Each structure stands twice: as C-alpha cells, then as structure tokens.
Asks: 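Below: one structure in structure tokens.
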2 protein chains.
Amino acid sequence: MGCDQTLKGLGYRLTPQRIMVVEALHGADEHVSAEEIYTQVKARYPYANISTVYRTLELLKELGLVTETDLGDGRVRYHPAEKGHHHHLVCHKCGKIIDLPESALFHLEETLSRDYRFQPDLKHLAIFGVCADCQK
Amino acid sequence: MGCDQTLKGLGYRLTPQRIMVVEALHGADEHVSAEEIYTQVKARYPYANISTVYRTLELLKELGLVTETDLGDGRVRYHPAEKGHHHHLVCHKCGKIIDLPESALFHLEETLSRDYRFQPDLKHLAIFGVCADCQK
DNA sequence: AAAATTATTGCAACTGCTTGCACCAACAAC
DNA sequence: GTTGTTGGTGCAAGCAGTTGCAATAATTTT
C-alpha cells in the first residue's frame, strides 16, 4: 500500500504531478531534495512546476507519509515514511553524518510525554555536534 | 564580561556595526529575529546593511556567544548565550510554545556521548509535536 | 450533459538568508 | 607617514522555499 492509495483514500486527487513526485521520492536514494525531485519530474513532464513539488511534499508531510530533515546544507531533504524512521548525528567540523536508530530517542519521547504531556514528533531529527574524530 | 570584550580578545574588530548588533541582541526580549535587530540598528545608523547583521550573528554563533533556534515560523531567532540555555516544545496544532529547561536533554546528551562518542550541541533546540490541550 | 463547486496547478512576485566582489577602514612593516 | 596587508562592509545578485492569484481540471449537483 503506497502513498498513492492513501492519498486517494483520504479524498485528495491523485494527479499526474503528484504521482510523479511520489515515484521520484520512492525511486531515489534516501534523503532526496525538492530540487532533485523536480528535476526527475520535469524530465517526464516539462511543464511541471517546482511549487507543485513543494506543495505535494508539504501535503505528504502533513499526512505523515514523508519526513523532512535539515542536514544543515542549505536544503531540506525528504524521506518516505514507509522506509522507516531514523535520525542523524551531523558533525559540523568534518560534515560526517552518523545514522541513529529511532530507538535512541525513545527515552526522550517518554520523558516529554510523561512530564509535559507533550507528544513529540521525532521521526527524522538531525542533531548537530562534534564527532569522535573531531574532538582532537 | 560581554560579547564585545570577547570579540576583541579573540582578535576580531569591534566595529560600530557589531557593537550595535550586540546591543540590540542584549537589549531586546529573548528570541529576536535578524530583521528585528536590523531595524534597531538601522534606526541608529541608516547606512547599515542586513548582510552585516547576518554575518555578525553568524560570527557570534560560531564563538558560542549566541544560540539560534527555528521555532517554525519561517525565520530564525537569536538568543544571547549569557542569558542561559533552554529548549522549546512547539505545538504545530495551536502554535503554543512550552519552555523546557536545559536539563531535559542531559540524558540524551549523555547517551550520545557514551554510545556514539558524539558531543551534541544541544543549546537551544525546538522540538515539534502536539501539546496536551491539542491531543483531543 | 451542462452548470456549479471545489481542488490543483502554473506563474510571478516575494521572503529570509547567503554570497561574490569591489571598496574601505584599521593595523603592521618599513 | 607612506605602503602593504588584512578584515569588514555595502551592494547587488542569487538560492531555497512560499504565497496570492488567475486559469484549469476534476468532481458534484442538478
């Protein structure tokens, strides 16, 4: 069951543009940027517009079908929720990115839920800092 | 001991523009945006340029003298480190912002440091989610 | 099946922020 | 004090992303 059917089931229109965005998103490696999706979509349908790409990604994000992450390189990257969640440790000295399992933040989620009754949305976080190699 | 002396001590020039940015930053309420700082600076020195404001904030950030936080409203907000660190829980249903003491993330910091030898830079984080009132 | 309603798109303008570059001010060497 | 060097500023252009609006496409009502 993909994004397409979910979209349709919720009453949203399954336009060619949206299908192409979803396909580009799933076909690519993890962490695609909007620009990369736009390039792919445009190759198939030259009249496509980048604001449609952004609006589709926004919609998919609201529905929880994709997560977005800012790895600090000046553009946001998208990842299909179907492929599972994880987080990233980003070293701002060397730029290295260490993957972090979802479970690493379970304890924090629990604390916030218990002490603040706050349901945090920690699906694809980037945490900045200094990696082992760069701590001299 | 303020930002000014720290800047000077590290060999950076203490230009009128930088002084005005630092003063605007300290004089204002917490969480000022670059635009707000620019407006204040411009009132005193009309030739001031917004890129100088951004460059000064960038420098202060690198030196650890200010922290920046994206509360999700399309602009980054700055906060003098001197005034102490804290975090925010941001409800993306109603927009409410709950302050979180720095200590709430100590456990996470320890875990990342112990398990990944990663020194996270968690000084002024915004965590998005749903607050108690908005969970129906 | 035409008319009315609604959702979606494309476009252009705009926002927040960054960057390349020429100029200018400060400090250092002579 | 002139000369060279470095650091900082202002300007204009650029980038990622957003938004208002008119045009269009899909769906619903009649």
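The figures here come from the full heavy-atom set of this structure, side chains too, leaving out hydrogens, waters and symmetry mates. In what follows, chains carry the letters A, B, and so on, assigned in the order in which the sequence lines appear, proteins first and then strands, with residues in each chain numbered from 1. These numbers were taken from a predicted model, which means no experiment stands behind them.
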Asks: Are B:Ile97 and B:Leu89 packed together at the side-chain level, in the sense that at least one heavy-atom pair is separated by less than 4.5 angstrom?
Replies: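 Answer no - side chains too far apart.
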Asks: Quick one: B:Ile50 CD1 to D:dG14 C1', roughly how many Å, whole number?
Replies: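 So the CD1-C1' distance, B:Ile50 to D:dG14, works out to 16 Å.
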Asks: Is A:Asn49 close enough to C:dT9 that one of its side-chain N or O atoms is under 4.0 Å from OP1 or OP2 there?
Replies: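 False: A:Asn49 side-chain N/O out of range (4.0 Å or more) of C:dT9 OP1/OP2.
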Asks: May I have the distance from B:Tyr12 (atom OH) to D:dT6 (atom P), rounded to whole angstrom?
Replies: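 Those two atoms, OH and P, are 16 Å apart.
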Asks: Out of D:dT18, D:dT9, C:dC17, which nucleotide sits closest to the side chain of B:Thr52?
Replies: D:dT9
Asks: Can you tell me if the side-chain N/O atoms of B:Tyr54 get under 4.0 Å from OP1 or OP2 in C:dT18?
Replies: no
Asks: With a 4.5 Å limit on heavy-atom distance, are the side chains of A:Tyr12 and A:Arg18 in contact?
Replies: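 A side-chain contact exists here, since the closest heavy-atom pair is under 4.5 Å.
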Asks: Taking OP1 and OP2 of C:dT9, is either one under 4.0 Å from a side-chain nitrogen or oxygen of A:Thr15?
Replies: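 Checking A:Thr15 against C:dT9: at least one side-chain N or O falls below 4.0 Å of OP1 or OP2.
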Asks: Quick one: A:Glu35 CD to D:dG14 C1', roughly how many Å, whole number?
Replies: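 Roughly 13 Å, once rounded to whole Å.
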Asks: By the 4.0 Å heavy-atom rule, please label B:Tyr45 as base, sugar-phosphate, or nothing.
Replies: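 Sugar-phosphate: the residue B:Tyr45, judged by heavy atoms under 4.0 Å, touches backbone atoms but no base.
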Asks: Quick one: which of C:dG16, D:dA16, C:dA12 gets closest to the side chain of A:Ser51?
Replies: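 From the listed options, C:dA12 comes nearest.
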Asks: For the pair A:His79 and A:His124, evaluate ring-ring contact (aromatic ring centres under 6.0 Å, His included) and give the outcome as yes or no after the intermediate values.
Replies: CA-CA 9 Å; A:His79 182 242; A:His124 204 156; 5.2 Å; yes
Asks: Quick one: B:Ile37 CD1 to C:dG16 C1', roughly how many Å, whole number?
Replies: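 After rounding, the gap between these two atoms is 14 Å.
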Asks: In terms of the nearest nucleotide of DNA chain C, which residue is placed more toward the 5' end: B:Arg55 or B:Val76?
Replies: B:Val76
Asks: Whole Å only: how far is the CZ atom of B:Arg18 from the P atom of D:dG10?
Replies: 11 Å
Asks: Round to the nearest Å and state the distance from B:Arg75 atom CZ to C:dG16 atom C1'.
Replies: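 In whole Å, C:dG16 C1' and B:Arg75 CZ are 8 Å from each other.
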Asks: Starting the side chain at C-beta, find the nucleotide from D:dG17, C:dG10, C:dT8 nearest to A:Gln17.
Replies: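 Among the listed nucleotides, the one closest to the side chain of A:Gln17 is C:dG10.
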Asks: Looking at CD of A:Gln17 and OH of A:Tyr45, how far apart are the two atoms once the value is rounded to the nearest 0.5 Å?
Replies: 5.0 Å
Asks: Hey, are the side chains of B:Val130 and A:Asp121 touching, using non-hydrogen atoms and a 4.5 Å cut-off?
Replies: no
Asks: When you get a sec, tell me which of D:dG7, D:dA16, C:dT8 is the closest nucleotide to the side chain of B:Arg13?
Replies: D:dG7
Asks: Find the distance B:Lys42:NZ to D:dG10:C1' and express it as a whole number of Å.
Replies: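 Going from B:Lys42 (NZ) to D:dG10 (C1'), I get 12 Å.
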